[in-house]
There are 4 protein chains.
Amino acid sequence: MSRDSFSKGVGVRADAQRNRERILDAAEEVFTHRGTAASTEEVARLAGVAIGTVFRHFPTKDDLLAAILKRLLARLAGDAATLGGADGLHVFFRRLVEQAAAKRTVVDLAGVSVPAAVGQLGEAVGELLRQAQAAGTVRDDVRRPEVMALLVSVCQGALQGGWDVELQERTLAVIFAGLAA
Amino acid sequence: MSRDSFSKGVGVRADAQRNRERILDAAEEVFTHRGTAASTEEVARLAGVAIGTVFRHFPTKDDLLAAILKRLLARLAGDAATLGGADGLHVFFRRLVEQAAAKRTVVDLAGVSVPAAVGQLGEAVGELLRQAQAAGTVRDDVRRPEVMALLVSVCQGALQGGWDVELQERTLAVIFAGLAA
Amino acid sequence: MSRDSFSKGVGVRADAQRNRERILDAAEEVFTHRGTAASTEEVARLAGVAIGTVFRHFPTKDDLLAAILKRLLARLAGDAATLGGADGLHVFFRRLVEQAAAKRTVVDLAGVSVPAAVGQLGEAVGELLRQAQAAGTVRDDVRRPEVMALLVSVCQGALQGGWDVELQERTLAVIFAGLAA
Amino acid sequence: MSRDSFSKGVGVRADAQRNRERILDAAEEVFTHRGTAASTEEVARLAGVAIGTVFRHFPTKDDLLAAILKRLLARLAGDAATLGGADGLHVFFRRLVEQAAAKRTVVDLAGVSVPAAVGQLGEAVGELLRQAQAAGTVRDDVRRPEVMALLVSVCQGALQGGWDVELQERTLAVIFAGLAA
DNA sequence: AATGAATGAGACTTCATTCAT
DNA sequence: AATGAATGAAGTCTCATTCAT
């Protein structure tokens with residue numbers, strides 16, 4: 001009956017876990033493209049589960065949104081951790097902006113409580129900043145808060161106007177110049 | 001304040017105009033603080049009119065949002081027109097960010113049709129940029145599109161994190177450095 | 001000032017009367033083409049008066065509908081009075097059906113109180129029937145109520161399916177055969 | 001009445017089906033007596049379900065109206081199929097008129113999309129006509145379209161004036177005479 | 001008598017959430 | 001643990017009717 005190699009109890013949990021992921025994936029896809037106003041039912045449909053299942057895993061729509069944001073931030077922090085060196089910060093910056101231009105997640109998620117999650121991202125960015133300053137790519141008096149602020153700002157901006165690649169590069173160029181030693 | 005130079009037979013119109021303004025003010029207040037998802041009914045309540053009156057003036061919620069945006073942009077363009085000189089652009093930039101930090105309007109209004117209005121703002125910013133470059137405050141190869149992009153970005157960013165004055169200044173400092181000759 | 005040859009008081013009344021007619025014409029046009037669900041405001045627009053004027057003349061939408069119906073029936077009764085002879089009834093019948101196919105009035109007006117007005121129409125039809133029977137065109141045992149019923153029925157039917165001229169003729173042919181001696 | 005031959009795992013469906021029928025019944029009752037302008041909320045009330053349930057089953061008021069019409073036509077076509085012989089057409093005709101006199105449905109439903117459903121009814125009537133002509137009860141040159149037209153007409157007429165049984169019979173008598181050989 | 005802005009009840013519809021199966 | 005039907009509050013919008021000018 002249970003389709004796992006372990007006991008029933010564990011089997012069920014595996015199922016549940018699988019559903020949880022599918023729901024999160026679907027939710028990211030849906031809210032990312034249609035904004036947070038999209039209906040939870042559409043998420044369920046895309047995830048291939050019934051609406052009740054969504055609410056069993058995330059008792060509230062806000063819980064679902066928060067979970068997406070948390071996962072997204074964790075992913076970004078992971079990305080950042082793989083970078084480093086003189087221009088790790090720059091690469092991360094650009095990468096983030098590219099993502100934001102394609103998705104709406106970060107923006108619309110504003111308002112959802114973002115407890116510790118941002119903390120992780122902040123630390124990762126701090127590390128990149130430290131390395132860039134050590135390499136002399138970034139001025140020494142630049143501090144983490146404004147880097148974070150610029151990061152968030154440009155991401156938000158990117159998904160507004162319909163930036164093309166050139167505009168994105170010219171905009172980043174100004175910021176990179178401002179950060180440069 | 002101005003009572004108008006006519007007075008006979010235009011009485012009702014004056015009332016309607018007064019209501020129109022009250023509705024716009026209320027709408028700006030409401031949507032600005034709660035986002036565009038706030039209800040039209042709340043706008044009516046704050047404006048002190050019945051819901052039907054709101055819809056008589058703005059047949060659709062989108063019409064109302066568009067009207068707010070239009071008025072806001074006109075106001076900003078007007079502001080810009082009074083500035084100039086070496087650091088007119090910088091002043092305008094900072095002023096805008098301060099406003100955005102207090103309001104949500106600009107952000108959430110994205111998606112609403114923004115016909116010619118943005119045109120005005122773009123031109124005003126272009127003029128400020130020209131003057132700043134003439135005065136040598138801004139590098140010559142900087143062009144209007146990226147200035148607009150940065151402007152929008154930082155406004156968006158400002159109303160996310162809850163920037164304090166210091167963070168705002170440090171963030172703008174990076175951008176101004178990036179723009180500098 | 002008053003554009004009539006009599007006293008001011010009469011002048012004003014003439015204006016009001018003119019408005020009343022314009023409103024009735026507009027209402028017939030509007031309700032006839034869009035059904036009784038059309039808005040009173042549209043009637044006012046077509047009549048070229050303000051909505052308040054419509055309600056001054058007809059305190060209720062139902063009053064307006066009743067007035068249209070009354071006028072329509074009076075008109076039909078007048079038409080009938082000009083006919084007669086062996087086939088006056090047949091001509092009237094056909095004429096009515098043609099009208100109904102183009103308008104919706106009679107149908108949708110069902111439900112509105114139709115006090116004495118139908119009386120007039122009934123009498124006119126009764127007279128036509130009498131003459132047709134005198135001429136031997138219609139069977140003697142046919143009575144007014146069923147003629148009225150058939151009249152109403154075919155009018156209603158005509159504005160449903162989209163009858164073409166041929167179908168209308170074939171349908172009337174059956175009824176005329178049924179009435180024939 | 002019938003409990004269905006399945007029973008496991010289809011429980012909810014049975015409930016839903018039951019509700020669907022209750023809503024259709026309620027809707028037929030309501031729209032039939034008050035016209036299509038009656039509110040969907042009243043339908044819900046009479047059906048004993050919440051308003052949301054009505055819209056879950058019929059996403060639009062028009063969908064609900066169309067469903068009623070479809071069911072009504074199917075029922076009529078079924079009735080017709082059980083008849084036949086020399087006076088099947090006459091019986092069907094009379095039966096339909098009796099129904100119409102009590103309900104408003106057929107009339108007001110005009111305008112709602114009536115896809116294939118009418119087709120079924122048309123065929124059934126065609127068959128009755130053929131049999132009546134074979135039996136010599138109806139003239140050979142009478143064709144289906146005018147029979148349908150008369151059918152519709154008299155139904156419409158019946159629910160206008162408040163026909164009593166006698167008037168109904170006298171009216172049908174004229175039509176039957178017109179159809180007779 | 002006319003105007004037209006304002007009113008507010010009520011219509012349709014959506015959607016987060018609950019709960020019987 | 002999953003399903004999906006049911007719920008009902010809330011939102012947008014329409015329109016008959018009132019009333020100040």
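Numbered from 1 within each chain, the chains take letters A, B, ... in sequence-line order. Keep in mind it's a predicted model, so treat the numbers as computed, not measured.
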For this session: Could you give me the CA-CA distance, side-chain angles and deciding distance for D:Arg34 and D:Glu29, then say whether salt bridge (Lys or Arg N to Asp or Glu O under 4.0 Å) is met?
Result: CA-CA 9 Å; D:Arg34 301 228 210 307; D:Glu29 168 76 14; over 6 Å; no

For this session: Let me know the distance between CG of A:Leu65 and P of E:dA16, rounded to the nearest Å.
Result: 10 Å

Exercise. OP1, OP2 of F:dC15 versus side-chain N and O of C:Thr40: anything below 4.0 Å?
Worked result: no

Exercise. Rounded to whole angstrom units, what separation is found between the CD1 atom of D:Ile23 and the C1' atom of F:dT7?
Worked result: 12 Å

Seminar exercise, completed: Nearest heavy-atom contact between C:Thr36 and C:Lys61 is O-NZ, 2.8 Å

Exercise. With a 4.0 Å cut-off on heavy atoms, is C:Ser39 in touch with a base, just the backbone sugar-phosphate, or nothing at all?
Worked result: sugar-phosphate

Seminar exercise, completed: Whole-Å distance, D:Glu21 CD to F:dA5 P, equals 15 Å

Exercise. Are the side chain of A:Ser39 and the backbone of A:Glu42 linked by a donor-acceptor contact shorter than 3.5 Å?
Worked result: yes

Exercise. Any Lys/Arg nitrogen of D:Arg22 or D:Asp15 sitting under 4.0 Å from an Asp/Glu carboxylate oxygen of the other?
Worked result: no

Exercise. Nearest to the side chain of D:Lys61, which nucleotide is it out of F:dT18, E:dC12, F:dT14?
Worked result: E:dC12

For this session: Please report, rounded to the nearest Å, how far the P atom of E:dA2 is from the CZ atom of C:Arg45.
Result: 19 Å

For this session: Please determine if a side-chain N or O atom of C:His57 lies less than 4.0 Å away from the OP1 or OP2 oxygen of E:dA2.
Result: yes

Seminar exercise, completed: DNA chain F nearest-nucleotide lookup for B:Phe55 and C:Pro59: closer to the 5′ end is B:Phe55

Problem set entry | Nucleotide F:dA10, atom C1' - distance to CZ of B:Arg34 in whole Å | 15 Å

Seminar exercise, completed: Between B:Ala50 and A:Ala38, whichever has its closest DNA chain E nucleotide further toward 5' is B:Ala50

Problem set entry | Listed nucleotide nearest any side-chain atom of B:Arg56, set E:dA5, F:dT3, E:dA2 | E:dA5

Exercise. Taking atom P of F:dA2 as reference, at what distance in whole Å does atom CD of A:Gln17 sit?
Worked result: 11 Å

Problem set entry | B:Glu41 or C:Glu41, whichever maps to the more 5' nucleotide of DNA chain F | B:Glu41

Seminar exercise, completed: B:Arg18 CZ to F:dA20 C1', in whole Å, measures 13 Å

Problem set entry | Nucleotide of F:dA5, E:dA5, E:dA9 approaching A:Ile51 most closely (side-chain heavy atoms) | F:dA5

Exercise. According to a strict under-4.0 Å criterion, is A:Asn19 in side-chain N/O contact with OP1 or OP2 of F:dA2?
Worked result: yes

For this session: Scan every strand shown for a Watson-Crick or G-U wobble partner of F:dA20, both distances under 3.5 Å, and answer none if you come up empty.
Result: E:dT3

For this session: Dump the intermediate steps for salt bridge (Lys or Arg N to Asp or Glu O under 4.0 Å) on B:Lys70 and B:Asp63, then the final yes or no.
Result: CA-CA 10 Å; B:Lys70 191 175 164 194; B:Asp63 289 339; over 6 Å; no

For this session: Please state how far atom CZ in C:Phe58 lies from atom C1' in E:dA1, giving the value in whole angstrom units.
Result: 15 Å

Exercise. Checking all strands, does B:Thr53 fall into the base, sugar-phosphate, or nothing category for heavy-atom contacts under 4.0 angstrom?
Worked result: base

